[in-house]
Number of protein chains: 2
Amino acid sequence: MKVSTSTNQSFDPLAGGIFPAACPSRTVLDHVSSKWGVLILVALAQGPQRWSELRRRAQGISEKMLAQTLKTLEGDGFILRDAQPVIPPRVDYSLTSRGSELVALLVPLLEWINVHAEDIVNGQA
Amino acid sequence: MKVSTSTNQSFDPLAGGIFPAACPSRTVLDHVSSKWGVLILVALAQGPQRWSELRRRAQGISEKMLAQTLKTLEGDGFILRDAQPVIPPRVDYSLTSRGSELVALLVPLLEWINVHAEDIVNGQA
DNA sequence: CAGAATCCCATACGATACTG
DNA sequence: CAGTATCGTATGGGATTCTG
């Protein structure tokens, strides 16, 4: 599959699958692009992490949203939940191989955003 | 910049900028990952398009959301609005160079999702 | 520590109608 | 054609409290 990487103007491997209103692609896209999905995914790119670590990393996330986001991502097979039966409880979250594939595509995007964000919100060229 | 593409485990060019709650990166990320942002951007990857074409492409979008999304993306400098003073009105939207950069990162992501979506929502490995 | 449960609100979003 | 205006709803998401 070829995709030229700049000032790209013609392709259409998406035509059949992303744009229809009720398609699997839309569902997955919504999960990933939910307010916290990307952040949790990318946070896990740095290796397995515990609940509280994720909570600290994704600043501003509520417990409810963390739980919900983790469940969705687990349901999609992007992350793995490893609960150890100890007291106090310890649960580690990590990327599955599918999750790693996705994150590999997400990281460049987030990096680009991170680099250009300031100019963008400041309205600079 | 190197980013290994699987079972990737260490980098952190994001540490400083994406995770803080009130940072430009978050703002831009929210714009891009809004329900319709990605779709409109990627639709425009196929070349300049008119309002009604975009509306047809991004199936399910309401006029309100299309207008709002286009304004946000224009405000961020991702797309260009070219209104021609003719009757009936004709307005073409196109990607700016900044928009093209972004889209170049978005397309592989959407393609990946498009390919794997079915398995993901069906709960298959 | 790692959640689940509940309550509640803001706003994202859709449907419809109207306009230059 | 390319929008704007208005209204109503659904739900994303926060705060708080409770539990194994």
Side-chain angles (χ1 to χ4, degrees), chain A residues 18-23 26-41 43-44 47-76 79-94, chain B residues 18-23 26-41 43-44 47-76 79-94:
Chain A
I18 282 283
F19 297 113
C23 61
R26 284 279 191 95
T27 304
V28 175
L29 182 58
D30 283 352
H31 292 178
V32 170
S33 75
S34 77
K35 178 163 188 177
W36 301 107
V38 185
L39 248 21
I40 296 300
L41 246 14
L44 283 173
Q49 278 164 79
R50 305 179 60 177
W51 166 278
S52 45
E53 293 176 302
L54 290 171
R55 185 147 163 57
R56 248 173 287 121
R57 234 172 226 292
Q59 286 176 33
I61 195 172
S62 65
E63 298 194 340
K64 176 182 174 180
M65 280 302 104
L66 180 54
Q68 183 175 307
T69 303
L70 287 171
K71 275 183 185 167
T72 301
L73 295 179
E74 190 191 1
D76 286 346
I79 68 177
L80 198 70
R81 190 190 121 105
D82 176 30
Q84 302 172 40
V86 298
I87 296 195
R90 174 184 180 111
V91 182
D92 286 82
Y93 292 91
S94 57
Chain B
I18 282 284
F19 297 113
C23 61
R26 283 278 189 96
T27 304
V28 175
L29 182 58
D30 284 352
H31 292 179
V32 170
S33 74
S34 78
K35 179 163 188 178
W36 301 107
V38 185
L39 249 20
I40 295 301
L41 284 171
L44 285 173
Q49 279 163 79
R50 305 178 60 176
W51 166 280
S52 46
E53 294 176 302
L54 290 172
R55 184 147 164 56
R56 248 173 289 121
R57 233 170 227 291
Q59 286 176 34
I61 195 171
S62 64
E63 298 194 338
K64 176 180 174 181
M65 279 300 103
L66 179 54
Q68 183 175 307
T69 303
L70 288 170
K71 275 183 184 167
T72 301
L73 296 178
E74 189 191 2
D76 286 346
I79 69 178
L80 198 69
R81 188 191 122 105
D82 176 30
Q84 300 173 42
V86 298
I87 296 194
R90 174 185 180 109
V91 183
D92 287 82
Y93 292 92
S94 57

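This structure is a prediction, so every number in the text was calculated from the model and none was measured. Naming: A, B, ... by sequence-line order, numbering from 1 per chain.
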Is the backbone of B/Ile18 close enough, under 3.5 Å, to the side chain of B/Arg26 for a donor and an acceptor to pair up by distance?
->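 Indeed, once roles are kept as given, a pair shorter than 3.5 Å links the two residues.
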Quick one: does B/Gln49's side chain have a donor or acceptor within less than 3.5 Å of a partner on B/Gly47's backbone?
-> yes
Write out a two-atom table: protein N or O, nucleotide N or O from nucleotides 15-17 of chain C, distance below 3.5 Å.
residue : atom : partner : partner atom : Å
C/dA17  : N6   : B/Glu63 : OE1          : 3.4

Interatomic distance, [X] [atom1] vs [N] [atom2] [rounded to whole Å]:
{"X": "A/Asp92", "N": "C/dG3", "atom1": "CG", "atom2": "P", "value": "10 Å"}
{"X": "A/Ile61", "N": "C/dA2", "atom1": "CD1", "atom2": "C1'", "value": "14 Å"}
{"X": "B/Trp36", "N": "C/dG14", "atom1": "CH2", "atom2": "C1'", "value": "10 Å"}
{"X": "A/Leu66", "N": "C/dA2", "atom1": "CG", "atom2": "P", "value": "10 Å"}
{"X": "B/Asp30", "N": "C/dT11", "atom1": "CG", "atom2": "C1'", "value": "13 Å"}
{"X": "A/Arg50", "N": "C/dC1", "atom1": "CZ", "atom2": "P", "value": "8 Å"}
{"X": "B/His31", "N": "C/dT11", "atom1": "NE2", "atom2": "P", "value": "14 Å"}
{"X": "A/Met65", "N": "C/dA4", "atom1": "CE", "atom2": "P", "value": "12 Å"}

Measure the NZ-CG distance between B/Lys71 and B/Leu66 for me, rounded to the nearest 0.5 Å.
-> 11.0 Å
Distance (rounded to the nearest 0.5 Å) between A/Asp92 CG and A/Ile79 CD1 | 11.5 Å
Locate the shortest heavy-atom distance separating [X] from [Y]; write the atom from each residue and the value.
{"X": "A/Cys23", "Y": "A/Pro20", "value": "SG-O, 3.2 Å"}
{"X": "B/Glu63", "Y": "B/Trp51", "value": "O-CH2, 3.7 Å"}
{"X": "B/Arg55", "Y": "B/Ile61", "value": "NH1-O, 2.5 Å"}
{"X": "B/Ala58", "Y": "B/Ile40", "value": "CB-CD1, 4.1 Å"}
{"X": "A/Leu54", "Y": "A/Ala43", "value": "CD2-CB, 4.0 Å"}
{"X": "B/Leu39", "Y": "A/Phe19", "value": "O-CE2, 3.6 Å"}

Identify the 5'-most and 3'-most nucleotides of DNA chain D with at least one atom closer than 4.0 Å to a non-hydrogen atom of chain A.
-> D/dG13 to D/dG20
Identify, between B/Pro88 and A/Tyr93, the residue whose nearest nucleotide on DNA chain C lies closer to the 5' end.
->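 Result: A/Tyr93.
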Can you tell if the side chain of B/Thr69 reaches within under 4.5 Å of the side chain of B/Lys35, non-hydrogen atoms only?
-> no
Per the end-axis method with five pairs at each terminus, what is the bend angle of the helix from C/dC1-D/dG20 to C/dG20-D/dC1, to 10°?
-> 50°
